[in-house]
Every structure is written in C-alpha cells, then in structure tokens.
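Notes for the one structure printed next.
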Amino acid sequence: MSDVARLLTACPLDCPDTCSLEVTVAGGRLVSIDAGPANPLTQGFICAKVKQHARRVYAPERVLTPLVRVGPKGSGDFRPASWDEALDLVAARISEAIEADGGSAVVPYLYNSSAGLLAAEGLTWRLFDEIGAARVLHTICAATAGAAWQSTFGSMLSADPHDVVHSRLVIVWGANPAISNIHFPPLVQKARAAGARLVVVDPRRTAMARRADRHLALRPGTDVALVLGMVRHLAANDLVDRVFVDLHATGVDELIAAADEWTLDRTADVTGVAAGDIEGFADDLASIRPAFVRIGWGLERNRNGGSSFRAVLALPVLTGQLGVLGAGIMSSLSGAGEFSLGGPSQGRRKVNMNHLGAELPATRVLFVQGSNPAVTAPRQRLVLEGLAREDLFTVVHDQVVTDTALYADVVLPATTHFEADDLAGSYGTFTRQRVAAVIDRVGESRTNDEVGAGLAARLGLDMQRYDADPRRLMREGLAGALPPVAGEVEVLREPGTAVQFRDTFPGFEDRKARLAPPILRERAVPAYRELESDYPLALITPATHRTINSMFGEFNAAEACVRIHPNDASARAVGDGDTVRMWNDLGSIAVVARLDADLRPGVVSMPKGLWRRDVAGGLTANALVPDTLNDLAGGACFNDARVEIAPVSG
Ligand SMILES: Nc1nc2c(c(=O)[nH]1)N[C@H]1C(S)=C(S)[C@@H](COP(=O)(O)OP(=O)(O)OC[C@H]3O[C@@H](n4cnc5c(=O)[nH]c(N)nc54)[C@H](O)[C@@H]3O)O[C@H]1N2
Ligand SMILES: Nc1nc2c(c(=O)[nH]1)N[C@H]1C(S)=C(S)[C@@H](COP(=O)(O)OP(=O)(O)OC[C@H]3O[C@@H](n4cnc5c(=O)[nH]c(N)nc54)[C@H](O)[C@@H]3O)O[C@H]1N2
Ligand SMILES: [Mo]
C-alpha cells in the first residue's frame, strides 16, 4: 500500500535508555512502534509500554480540544471550548491573580519529565519566568542524586553504560535496570559471561539480585550506614588505596573518622545485612578490578538520601577503582550535551514540588504541564483537598485526562512526541536525537511552546522571544549548532572515551573528588539518621514495567496490590489475595495483598504510578507518603512511608 510509511524518530520519555524508534504510519495513523537503528544502546528491542504507545495516542482519555469545567471539581464534567476562549480565560485569571496578590500567587508546576528538550525547557518556562511567577523546584526526582554528584565530582561525566562489559565486578546499587533501564542488563550479562562478579544492594530480590553472586538486602534508608561500616573495615584492614586518594581526593580522613563508630556488628544491626556480607563485599571491592558501580535513584528517596548517595560515590574513590576502562560510577549521563534556552531566573516564591499540598492554600492559579501530581506527589490527600478548592484556578496541559486534569478549570490538549518536532536528550546514554513529527496532530493538540506563545501574546510580552517554531528553538538551544536529523544519532561521547580519572575529572580546580564538602544538612560527612515511627512496616514504591510514572496507567496499570513478605503476612493473618487495610497517620487505603518472598521482612511494596481509579477508595500509595524532605537539595522521601497492615474483616 502506497500510504504506508516507515519513519524514524526517538523516544523522549522519562527513562535512561532514550530509544531510537522506527514507526509504521498507515493512512496517517500510527500503527506500530519498533526499535530504530540509530542509538547503539537500544538497537534490537524497545520496552513493552512504548510498543503499545499508539493506544495512548488514540486513547478514549485523549484530550482533543480545550475543555472548560462545568461540573464540580474532580467530576470530569467539561465542555469543549475554542483555543481562543480557553487561552483568553487562562490569561485573564493569571492577570487577576498577579494584580491581587503578585506573581507569586501563580504557581507553574511545569515538570515535563517525559517530554523533549524544547517542550521541557522552552516557552512556558520563559513565560512564567517573565511574569514573575513562583518558581517550582524540581525536587521530586534526582535532585538529591544530582547535588550529591556535583558536590563530590563537580562536572565530571558519568561512566558510560557500554563500558561495563570490561568490568570484573559489577555493583548495582538502588537501581532496578531490568525494569527501569532495560538495555543495561544485557551489557552486564556480557561482563558476567567474561567472568565478572555481580553484587546488588536492594531491599528487594529484584531480577538482577536473583542472578547476583551477592545480594545485600538492606533496610530502606540505611545505605549510608552500610557504606560507613565498609569504610571502617577498609581503613582498619589497610585496604584504602592511599596512592589513589592522595592524588585524587580530599576529605578522606574526615570520612574515615566518621566511620569510626560503625563496627561490623553495629552496621549489621542497623542495615539488617549480615556482618559477613558487609565484610565480604568490602573485600571484593578492594580486590576485584576493575569495578563498575551503577547507582540508581532508589537510595535517594528517604531522609538519608543525600548522605547515602554521597557515601556510595566515595567507595570507588577510597578503593582506587577508577581510572581504567571498565571502572567507574554510572549515574545520570545528562551532563554531556550543551543545550540551553536560558533557563528560569530566580522566581520570587520558591515552591518545593514535594510540598505542593502545603503550598496550594497560598496559590490562586496553578498551571500544571507535563506532570500528574494528583497521583505522583506526596501527601495525596492534602494535594487533592487543595485541588478541590473552589477559589483555586487550575489549568492542566496534558495529552490525556489525568487524575490531575479532572480537577482543572481548563484542560488544554497537548501533542504527543509523535506529533511535534523536538530533541531528545538522554540521562542513560551519551546521545542526542531528533524527535520527529511522524503523524498529524491528533485533535487540536498544541505543543508546550505553542501554549507558552499563546499566553505570552495575551499577557502583552515581547513576542520576538516567543517564536514557537521548533527549528528556531533548536538553533537557539544549541547555540547555532546543527541539530541531529531524524533517524541519526549525535553521539556526544564514544564508548570507552569517558573513563573517569583518565578522560574526565572532577570539575574543581584541583581536579580531586571531595569526600567531605560541607553541604549536607547536618554535617559535612555523610551521616545516618534513624526514622522514628510507630508503624512497623516500611512502604517502598518502585517503578514497574507497565507504566512510566503514571503514563500508560490509563490502559496498562500495574496491579493495585501491596507486596508483603510471607512472615509479615502470617503475623497479621493476611493471606495471598486478601483485601487489606494499609494505614498510617496520613491516611488509609484498601488494597489486595500479594505474598512475596522477594521482599525483605519488614518492607512492603506498592507500584508507583497507579491512577486513582485503580484503587478502591481512590487513594494510591502517595496517600501514605510523607512530605518530609531528605538531607540534600530538598529531595523527596517517598520510601520513608511507614505503615501498618491488617485484613479487612467480613
Ligand atoms: N518501566 C519504567 N521505567 C522507568 C520508570 C518507570 O516508572 N517505569 N521511571 C523512570 C524514572 S522517572 C526514574 S527516576 C528511574 C528510576 O529507576 P530506578 O533507579 O531503578 O528507581 P526505582 O524503581 O525507584 O528504585 C530502584 C530500586 O531501589 C530499591 N530501593 C528502595 N529503597 C532503597 C534504599 O533505601 N536503598 C537501596 N539500596 N535501594 C532501595 C527498590 O527496591 C528498587 O528496586 O526509572 C525510569 N524508568
Ligand atoms: N510514591 C512514589 N511516587 C513517586 C515516585 C516514587 O518512587 N514513589 N517517583 C517519582 C518520580 S521518580 C518522578 S520522575 C515523578 C514523576 O511525576 P510526574 O512528572 O507527575 O510523572 P508522569 O506521571 O509521567 O506525568 C507526566 C505527564 O506529562 C504528560 N506529558 C507527556 N509529554 C507531554 C508534553 O510534551 N506536554 C505536556 N503538556 N504534557 C506531556 C503525560 O501525559 C503525563 O500525564 O513521580 C514521582 N512519584
Ligand atoms: Mo524520576
């Protein structure tokens, strides 16, 4: 058939892999999505979610025209409106709010975690910046990891995932790549086939942990204690690489002094990991070379997140496990490519994303773009109460009617990345790719930049700065450099050329790693804080293979269940498949229990990204998650939720 085309593009969703895509379009409709050839990491296969992405493009939940609320907040009762009517209304409400209470009464909750660079950093940012709106701090994910890295290594690049094949000791720490970074495990397999040992540090027996030579199933939030125990063991047994640290690090003695109280017994007691495993792991790290550490985001999401992340970064430094191919620390790779559309200046009022619920009472206009805080933010009940307030004017720009959009006064239809040109940066590969419009706009959807421009015109801003043409924005962001063309990849660093302490060094004048910079909340050196709680079970909420955060939840939700270790279940007379009540002081939810011996006792787990309709009663795990902040950069404490569980009688 002549109207069938195979077209090349890239996936900008919030995932490290950044797959190249080859899509089939027939009669103007997207019919299938496969792996494209360009990105060397992602050749051959893509995830099951994006395979089905066409279902979201044409979903019944898709927003096709602007919508204006006619029913009560939360009801989803809207009438269609023209773009002119909708944008006039939004601009008028923004102007009124600024006149009455100043710019800080307007809160632009722009996250765009799953969008390209133009959508995420473009004209809506510029708009809210120029009108002096509040500044929403992106603290919900990776802020802590980023600050920990910056303070230890400055601008030094992450290790390249491809280089893991040269490693003899692979350490996967607080990451679940079999689900959240699916092209990484095959590379680890290659290393293992060549004889590498695999160590996994995770409270759950993940798919990788099951295959590992050593699995340290620590208690959530205790990574810093584990590291300090290892540091003490290394120092006591003369296993610190003194030649390496003398050349390449500062703060070594402070860190070792801080570890002094962390005997193996105490470390085992706090972390729940056997002393022999702690010692054995430390000995491996000191002797098996080269070692590659893939550090994830699981360990930042608790009160000790900054300390833990900083502590883990110090281990390869202390043991001199850097400087050769196959050694290194892989975290976010996003530092490699220059791209800037100016970025926001300092807004008047700063709003930590994790505090959305608490900040809503002082907000008159909430503008949500590329985020779904009704289900992804902590303290869900407080967020929903705030969103239900009649005198809050809420605008949601999204592709589908999300749980957040149900509370909007105005919903604006957004393009998917199959409908607009953009650029895909990457935090898991050293690449930049073109995102290409491969189908026509569905409904009347508009890009984030077009919405920014539409509002700028109505708010009387200088329209020279609001040209939403993607090619022009690409040129501006790339400072004149040519953007990659569709189907080709711009490789920012070739594999084997970003070896830390050989090709890329800490971005400080002395080019040394800083193991004790004074940036943590309480002390310069990483410190462990206990969590006081009357509730005995630690609830964690990791990613699942079915959704990206809450995206695809409209048709592909994970089962709304709580996983619990059989011992914890039997102590509570809970059987597999029983409906249970799970509660703490913040709320109570009813879910099905699944017995799961892969969890460590004392830890229960629920999927992140569920929609409200998936759970009876309409509250998800985030109804039990506190909005406390961790010890670095105001990061989230999702995994500091503590709960109790009981069968629902009758
Ligand atoms: N399929 C899929 N892929 C995704 C996503 C998704 O939703 N679905 N989300 C994307 C996003 S936004 C992100 S940020 C990344 C996140 O990707 P990952 O870094 O893999 O993050 P998580 O799934 O949050 O947690 C990873 C692991 O940390 C463990 N963990 C929890 N608490 C602790 C702790 O205190 N210490 C240690 N050592 N481990 C702990 C969990 O059991 C889990 O197995 O994945 C991205 N990729
Ligand atoms: N309990 C618990 N909660 C968590 C986490 C956890 O571990 N536990 N993880 C946290 C993490 S890691 C993250 S990153 C956050 C993510 O939190 P959110 O950013 O709220 O994540 P998503 O649910 O992916 O929402 C993104 C929305 O953007 C829309 N969208 C995609 N592309 C575009 C576009 O181009 N334009 C517009 N206007 N909209 C677009 C999608 O349809 C989707 O509704 O969630 C956090 N929430
Ligand atoms: Mo994230």
Side-chain angles (χ1 to χ4, degrees), residues 12-17 47-49 56 109-116 118-120 124 138 140-142 145 172-182 200-204 206 208-209 216-223 226 294-302 304-305 308 312 353 368-378 380 396-400 402-405 412-417 420 422 427-428 445-448 451 538-554 599 603 605-610 620-622 624-625 636 638-641:
L13 297 191
D14 191 349
C15 161
D17 297 45
C47 70
K49 311 174 289 296
R56 160 166 273 240
Y109 197 88
L110 319 176
Y111 195 45
N112 292 300
S113 50
S114 271
L118 305 188
T124 15
H138 285 180
I140 209 159
C141 170
V172 175
W173 199 312
N176 186 17
I179 276 178
S180 59
N181 180 196
I182 60 171
V200 173
V201 186
D202 197 303
R204 299 185 301 156
T206 57
M208 276 193 127
L216 291 87
L218 80 184
R219 293 195 178 91
T222 65
D223 303 77
L226 176 62
R294 161 70 162 89
I295 181 169
W297 291 271
L299 74 169
E300 74 166 15
R301 311 198 201 289
N302 64 74
N304 296 321
S308 286
V312 176
M353 278 181 95
V368 179
Q369 185 178 65
S371 189
N372 189 9
V375 293
T376 57
Q380 186 177 38
V396 174
H397 181 214
D398 206 308
Q399 301 159 347
V400 294
T402 60
D403 282 320
T404 310
L412 302 172
T415 45
T416 69
H417 64 82
D422 207 320
Y427 64 96
S445 58
R446 291 193 185 172
T447 67
N448 293 3
V451 169
L539 169 67
I540 61 173
T541 41
T544 79
H545 70 285
R546 300 188 71 100
T547 60
I548 280 274
N549 301 319
S550 72
M551 276 182 84
F552 305 117
E554 70 276 10
L599 283 161
V603 177
S605 165
M606 234 184 119
K608 84 165 170 178
L610 291 175
T620 69
N622 273 326
L624 307 175
V625 166
F638 292 112
N639 294 340
D640 273 345

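In listed order, ligands and their atoms are each counted from 1. Fair warning: this is a prediction, and the values are worked out from it, not measured in the lab.
Each of the following atoms of ligand 1 lies closer than 4.0 Å to a heavy atom of Arg204: 41 (C), 42 (O), 43 (C), 44 (O). Atoms of ligand 1 lying under 4.0 Å from at least one heavy atom of Gly221, given by number and element, are 34 (C), 35 (O). The contact set between ligand 1 and Gly174, taken as ligand atoms under 4.0 Å from a residue heavy atom, comprises 19 (O), 26 (C), 27 (C), 28 (O), 37 (C), 38 (N), 39 (N). Atoms of ligand 1 found under 4.0 Å from any heavy atom of Trp173 (numbered from 1 in listed order, with element): 38 (N). In summary, the atoms of ligand 1 found under 4.0 Å from a heavy atom of Gly296, numbered by their order in the structure, are 19 (O). Atoms of ligand 1 found under 4.0 Å from any heavy atom of Asn302, numbered from 1 in the order shown, are 35 (O).
For the pair Arg56 and Phe552, the cation sits on the ring face: its NZ or CZ lies under 6.0 Å from the ring centre, inside 45° of the axis.
Closest of all the heavy-atom pairs between Ala175 and Val172 is O-CG1, 3.5 Å. When all heavy atoms of Val625 and Pro378 are compared, the closest pair comes out as CG1-CB, 3.7 Å. Residues Asn448 and His397 come closest through the heavy atom pair OD1-CE1, 3.1 Å. Taking both residues in full, the closest heavy atoms of Asn549 and Ser113 are given as ND2-OG, 4.3 Å, listed atom of the first, atom of the second, then distance.
Look at Leu218 and you'll find a heavy atom under 4.0 Å from some atom of ligand 1.
When only interatomic distances are considered, the shortest N/O to N/O separation between Tyr427 and ligand 1 does not fall below 3.5 Å. For ligand 1, the polar-atom distance check against Thr544 finds a nitrogen or oxygen pair separated by under 3.5 Å. Considering backbone and side-chain atoms together, Val201 places an N or O closer than 3.5 Å to an N or O of ligand 1. Distances between N or O atoms of His545 and those of ligand 1 include no value under 3.5 Å. Looking at Ile179 next to ligand 1, an N or O pair under 3.5 Å apart turns up.
Of the possible polar contacts, none joining the Asn302 side chain to the Asn639 backbone as a donor-acceptor pair under 3.5 Å is found. Of the possible donor and acceptor atoms, none in the side chain of Thr541 sits under 3.5 Å from a partner among the backbone N and O of Met606. Although no hydrogens or angles enter the test, the distance criterion places a donor-acceptor pair under 3.5 Å between the side chain of Thr206 and the main chain of Ala209. A side-chain donor-acceptor contact under 3.5 Å links Asp202 to the backbone of Arg204.
Counting heavy atoms of neighbouring residues, nucleotides and ligands inside a 6.0 Å radius, atom NE2 of His138 exceeds 12 of them.
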* In sequence, state the C-alpha distance, the side-chain angles, and the governing distance for Asn372 and Asp403, and then conclude on side chain to side chain contact (heavy atoms under 4.5 Å, CB included). => CA-CA 7 Å; Asn372 189 9; Asp403 282 320; 4.1 Å; yes
side-chain hydrogen bond (donor to acceptor under 3.5 Å, both in side chains), that's the test. Do Asp14 and Tyr427 meet it? Break it down for me. CA-CA 9 Å; Asp14 191 349; Tyr427 64 96; 2.8 Å; yes
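Only the side chain of Thr206 comes within contact range of ligand 1, with a heavy atom under 4.0 Å; no backbone atom does.
Around ligand 2, the residues contributing at least one heavy atom under 4.0 Å from the ligand are Asp14, Arg56, Tyr111, Asn112, Ser113, Ser114, Ala115, Ile140, Cys141, Arg301, Gln369, Gly370, Ser371, Asn372, Thr376, His397, Asp398, Gln399, Thr402, Ala414, Asn448, Thr541, Ile548, Asn549, Ser550, Met551, Lys608, Asn622, Phe638.
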